[in-house]
Chemist: 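Pasting in a structure now, in structure tokens, and then I'll have a few things to ask.
Everything numeric in this text was worked out from a predicted model, so none of it was measured.
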Amino acid sequence: MEKISQIQTPFIQNQLFDKVKPENKVEGFGEIFKDALKEVSKAQNESDKMTNQLVTGEVQDIHEVMIASQKASLSLQMTMQVRNKVVEAYQEVMRMQV
């Protein structure tokens, strides 16, 4: 039986949020978000590549193609939700009276 702490989502499985750079600086939110966007783009490209390979007959296993497609879709949806929450938080801060 696996521990719950070992279960990770496809979007963040390659991300280490407490990663320390060589200069002993912790990455900022912008860097983490930029890396996450690169991962989403990579997942989208992989999905497109596998779909094209399926159409041309290079890939016989449709399950792999569907899994790649769903990973890309979920990654994009999660990224959009994070972006929406960040924009909403920014707007809320801007509405605060000083």
Chemist: Just verifying a value: how many Å separate Ser75 OG and Gln70 CD, rounded to the nearest 0.5 Å?
Modeler: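 Atom-to-atom, Ser75:OG and Gln70:CD are 10.5 Å apart.
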Chemist: Measuring from Lys42:NZ to Ser47:OG, what's the distance to the nearest 0.5 Å?
Modeler: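 Reported to 0.5 Å precision, the distance equals 14.0 Å.
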Chemist: Only one of Val59, Val65, Asp48 passes side chain to side chain contact (heavy atoms under 4.5 Å, CB included) with Gln53; say which it is.
Modeler: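 Filter result, single survivor: Val59.
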Chemist: Which atoms form the tightest heavy-atom contact between Ala43 and Ala72, and what is the distance?
Modeler: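 Minimum heavy-atom contact is O-CB, 3.6 Å.
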Chemist: State the CD-CD distance between Glu46 and Glu64, to the nearest 0.5 angstrom.
Modeler: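 So the gap between those two atoms works out to 10.0 Å.
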Chemist: Once rounded to the nearest 0.5 Å, what's the spacing between atom OG1 of Thr56 and atom CD of Glu58?
Modeler: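 These two atoms lie 3.5 Å from each other.
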Chemist: Where do Leu74 and Gln77 land on the side-chain contact (heavy atoms from CB on, under 4.5 Å) test, with the steps shown first?
Modeler: CA-CA 5 Å; Leu74 288 173; Gln77 288 176 11; 4.0 Å; yes
Chemist: Okay, side chain of Ser73, backbone of Ser69: is any donor-acceptor separation there less than 3.5 Å?
Modeler: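 Absent.
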Chemist: Just verifying a value: how many Å separate Glu39 CD and Lys71 NZ, rounded to the nearest 0.5 Å?
Modeler: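 Answer for the CD-NZ pair, Glu39 versus Lys71, is 11.0 Å.
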Chemist: Could you tell me if the side chain of Val87 sits less than 4.5 Å from the side chain of Arg83, heavy atoms only?
Modeler: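 Yes, side chains in contact.
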Chemist: Say you draw a straight line from CE of Met50 to CG of Asn45; how long is it, rounded to the nearest 0.5 Å?
Modeler: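 One gets 13.5 Å once the value is rounded to the nearest 0.5 Å.
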Chemist: If you group Ile, Leu, Val, Met, Phe, Trp and Tyr by side-chain heavy-atom gaps below 4.5 Å, do Ile67 and Leu54 land in one group?
Modeler: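 Ile67 and Leu54: separate clusters.
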